[in-house]
Every structure is written in structure tokens, then in C-alpha cells.
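Each remark here refers to the structure printed beneath this line.
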Amino acid sequence: VRLDSAQLHAPTELDDFNGWALERGWGDGLPLVPPTEGRVTEMVAGAGRPAEELIAIVEPRRGMATVEKIAINAVMAGCRRDYMPVLVAAVEALVDPAVNHEGIQSTTNPGGPMLIVNGPVRDRIGLAYGPDALGPGNRANQTIGRALRLVMRNVGGGVPPADQSIQGSPWKLGMVVAEHEDASPWAPLHVDRGFGAEESVVTVVNSESVINVPAAYPEADDVLSELARALGQGLNVHTSRGVLPLGLNVGHARLLADAGYSKAEVRYELFERAKVPLSALPASGNMPMSVWTLDGNRVLVTRSPEDVLLFVFGGDTPYHSLCFGGWGVGGAASRAVTEL
Amino acid sequence: MCKIDGSELVLDPTGQPAEIVPASGAGTRVVGGLGGKRIGIVDNRMTGMRPLAGAIERALVAEFEVASVDHWEVPHSIAPDPEVLATIAESCDAAILGLGNCGACTTWECRVSAELRRRIPTLDVVTEPFVGVARAAFRGLGLPDQPLAVLATSAESATAGKLEGFAASVARECAASLVEGVE
């Protein structure tokens, strides 16, 4: 592996290195692993692709995210070398025009890209998808998301003043979840999106927040109504242009499937029930009101049922599902993971 | 690991910018002044832009005797239809874009502006809090000197008088920054 990046003399003590790196604007505030030539060489090898291969151009700096640059940031984030194929696919998906990463990098909103991983790679690298999957404690989930954010920051220049986020969000440290495919009663997300069941796939979508939907009801109809109420929250969804990620817990998914709902029917029900009456919105209008899509006197929260991005993860107690607040001006993109 | 005098060598994680093909071409100036020219106002539908666009039109007609002012609407914060941009570039001699009044909408206003600048000169209206993101976007687009008309207050909260006054200044800025050969 031949590396091209500039080499800089950095302090050897870890504390000193981290202060030095933060002064250069390289970090997210958490401790970084020094990206020495040896570590980066190992990480590049984990990708199985040439170090100089250009994966993406990341805005607004138009930084060239080569395999080498991605590997350097992966080292700093604490990734293992076998995470690289997932991270590289995530960078590819991030810059898909559907995702609108140009907007993500500069928006006043608080969100960040969420990665949803499907397929065999989940188990090969130990991604969490069961109980507490979004919580701390899993290296793959935490560091892959962090590495993507470091690429956006260090390669793409997604820092103030280009980054205009008014309050920020912990989402901006990174967020990765895998789908609990074996426990789901339906086909997984990547199959919905046209990939084969045995393929490993990363889907990237910007997410603003997480809305807990406590819906401990025995009836499917009540669960659907509560989920739809959460989907309709917030100004952004009223632009009717984004996608809405919804992570059903395994218990809710089974309850709905047992009641006879297919995944497509769940999406349709949520799409219909989430429409927001105009009378419930400020009389002075939305910002900007011209992009509302109306069905009679109701505002659509997405353009179609297919824009409700439904996937399954977590435990099997049918209590809490998570609605990941939509950004309103970004879609999702998926890329196959090329494993060694 | 190479250690030299208490230091070790680490690799730079920042990415080199990809080659930029500057958008500025032959059409970066309106030759001979605004008089008799066709001006496009590209409205991203952010709150406040519509009344501001009307005020800018009045100022352009009254002060510079432009031939026409055409109003175009594009979505905010996302990529517009390229055909719409091609039509604007085809039918206008210069364009004024606005309103940069949030992060993503300012970024996309700049990207649209840069695209139009391949054919015609443009001026961008942004509110003061979003000058930084506009400058960062234009640097990335290879247009660090793109002219900006900066609105110190938000357009939606500006009084009618302030809006008219700002619109007049935008029209003058348009003339000053986009025109060469004015007597």
C-alpha cells in the first residue's frame, strides 16, 4: 500500500496528540486514535481497494474522499479494518444526489446521516440490531458512524461557518443501526430497495431526531395510529419531500403482521393516517408554504407510502418503536457493500 | 511508527479539494448597463422573498429602465430541475437569486447561482447570519468573489419601508457588480 497524504509530526502522548489534533479542527471532541502510517496501511488493506481510489467528492470543500482518506478517518474514529467495506459503501451512498449531502453539511437543522445496514455483513463485523441496538457498547455501530462524520468534517469541510446547525445534535457524532432481519416478519429494507436478500447493503438517510412512540396497545389499529401521530410531528415533514425512517421494534412488527398487515399495507396505513389537517397548522403558513403537498385539506408528510422507510430492530416487547424525524428535503440512498 | 524528538508521524485526514472548473465564463457581466436588459429573479420560496422580489422589480424598472423582470420559482434546499435553469439562462441577461435565509437553502441558492453563471451574471441575496455559509459554498464552487447583497434583517420581519429601501440597494448592487461599460 502506497500512501499519499502529507505526514505531520504529532505529539506521541495520547492526551497531547488529541489536543494537537483538535487545534487543527480534525476531531469531534472525543479521543482520537493517531493515524500513523502503520495503522492507516492496515485500514486501507481492510477495504480491499487501492488507496488512491476516489470514492466520493464531499461538499462543500469538494474534498476528495479516497480510500486512503476514508481509512485515515476510520483509524481516528476507532474502527477495525473489517469495518472499511461498510464505511466505504456509506461514503458512496452519502454523496448520492438523493441524499442531498450538500444540504446536510450546511443546514440549520440538528440532524445527521443515519446508516441502516442489512445483509450478512451485520454478523460478520458484529453490528448490533437487537435490544438496545442504538445504545452505547458496540464498537462497530459507534465507530462506523463516527468515521463517516469525520469524513464529512475533515474531507468535506462540514464545520462552521459552512455548518449552520443552530443547536446541533448527538446525531452529528454518528448513528448506525442494523436491521434485525431474522426476527422481522417481513422482507428486510434492502430487499424493498431492490437488492438481493444475501447482499450486504448500507442505506444512508438524514435523520433529525428520535421520537419515542410508546404504543403498548394490544390492537394493531391503535399501534398504527400512534405511529402515524409521531410521523406527522414537526415542521420539516410538512414539506412533503423527504423520507421518514421508522424503526419498528420486533414486537410491534410481529403484532402488525399477526393482524394481517403486510409491510406495504403498514406503510400505506401510516401514510394515510399521518396526513396533517391544515387546521392543525399555524394560520400564517409554513416555511415555505408553497411546497406543501395537499390531499384535500390535509398535508402529506411524504409524497408516497414508499417514502416511509420501514425497518425492524430492537427487542421483541411491543412497547417502544422509534420514529426518526424526517429532514424534509432529503431522501435515502443504498449501496452494496463490497466485502473482501 | 516513526518517532522523532517526542513526536510521531501521522497522516493528514483532510481531503484535497477536487479540481474546480470555475463557473465564470463570458457571461459574467452585462455589457452596457442594465437599461433594456431582461432580468430574472429566482425565488426559492423562502418566506419573505416574494415581497422582496416585487420590490426589487419596482426598483429595477424605476431606476434602471430594464426591459423586463421575469420571476422564476425553484424549490429551496434541494437541486432544481436543470431544464428550468437552462430556460432562465436562455431568457435572461442577468439573474438575482434569493433568499439565502437558512443553511441548506443558502447552499443550494449558491449552487444554482454558480450553474447560471456559466451563462449569465448573477447576484445573490442572503441574510446576514448566512453570509458565512454562502462564502463557504462559493469558495467550494470556485467563485470566492461572487457578489452578495446582504439583508441585515430577516425579510419576513422587515417593514415595508425597509424592504423597499433594501430592494433599491439590491438593484444598485446589481448594477454595480454585474455591469461593465456603464457611463
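Keep in mind that what you see is a predicted model, and the values were worked out from it rather than measured. Residue numbers start from 1 in every chain, and the chains themselves are labelled A, B, ... in the order their sequence lines are given, proteins ahead of strands.
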- Query: Below 4.5 Å, heavy atoms only, C-beta onward: do B:Pro13 and A:Met76 meet side chain to side chain?
  - Reply: yes
- Among the listed options A:Pro35, A:Pro34, A:Ala6, the residue most often paired with chain B at heavy-atom distances under 4.5 Å: A:Pro35
- chain B contact via A:Val329 - which portion, at a heavy-atom distance below 4.5 Å: both
- Should we count CD of A:Glu53 as having more than 12 external heavy atoms under 6.0 Å? yes
- Lys/Arg-Asp/Glu bridge criterion (N-O < 4.0 Å) met for B:Arg111, A:Glu59: yes
- How far does CH2 of B:Trp108 sit from CD of A:Glu102, to the nearest 0.5 angstrom? 4.0 Å
- Item | Over all atoms of both residues, closest heavy-atom pair of A:Lys69 and B:Gly15 | CE-CA, 4.2 Å
- Quick one: what part of A:Met64 sits under 4.5 Å from any heavy atom of chain B, side chain, backbone, both or neither? both
- Query: Atom CD in B:Gln16, atom CZ in A:Arg62: separation rounded to 0.5 Å?
  - Reply: 13.5 Å
- Under the side-chain hydrogen bond (donor to acceptor under 3.5 Å, both in side chains) test, residues paired with A:Glu37 that sit two or more places apart: none
- Message: Let me confirm one number: the CG-OG1 distance from B:Leu9 to A:Thr12, rounded to the nearest 0.5 Å.
- Response: 11.5 Å
- Heavy atoms only, distances under 4.5 angstrom: which of B:Ser77, B:Ala136, B:Ala134, B:Cys110 has the most pairs with chain A? Name it, please. B:Ser77
- Message: Which residues pass the side chain to side chain contact (heavy atoms under 4.5 Å, CB included) test with A:Ser106, not counting sequence neighbours?
- Response: B:Ala104, B:Thr107, B:Val133
- Toward chain B, the part of A:Ile70 with a non-hydrogen atom under 4.5 Å: neither
- Query: Roughly how far, to the nearest 0.5 Å, is CD of B:Glu19 from CD1 of A:Ile57?
  - Reply: 10.0 Å
- Message: Can you tell me which portion of B:Ala18 sits under 4.5 Å from chain A's heavy atoms? Options are side chain, backbone, both or neither.
- Response: both
- Message: Please list all pairs meeting salt bridge (charged side-chain N to carboxylate O under 4.0 Å, His left out) that have one or both residues in residues 12-26 of chain A, counting only residues at least two apart or in different chains.
- Response: none
- Item | Side-chain touch A:Leu3/B:Leu11, heavy atoms, less than 4.5 angstrom | yes
- With chain B, the option among A:Gly157, A:Gly63, A:Ala65 that has the most non-hydrogen atom pairs under 4.5 Å is A:Gly63
- Item | Positions in residues 147-155 of chain A that reach chain B, provided some heavy atom is under 4.5 Å away | A:Asn154, A:Val155
- Side chain to side chain, A:Arg61 and B:Thr14, heavy atoms closer than 4.5 Å: yes
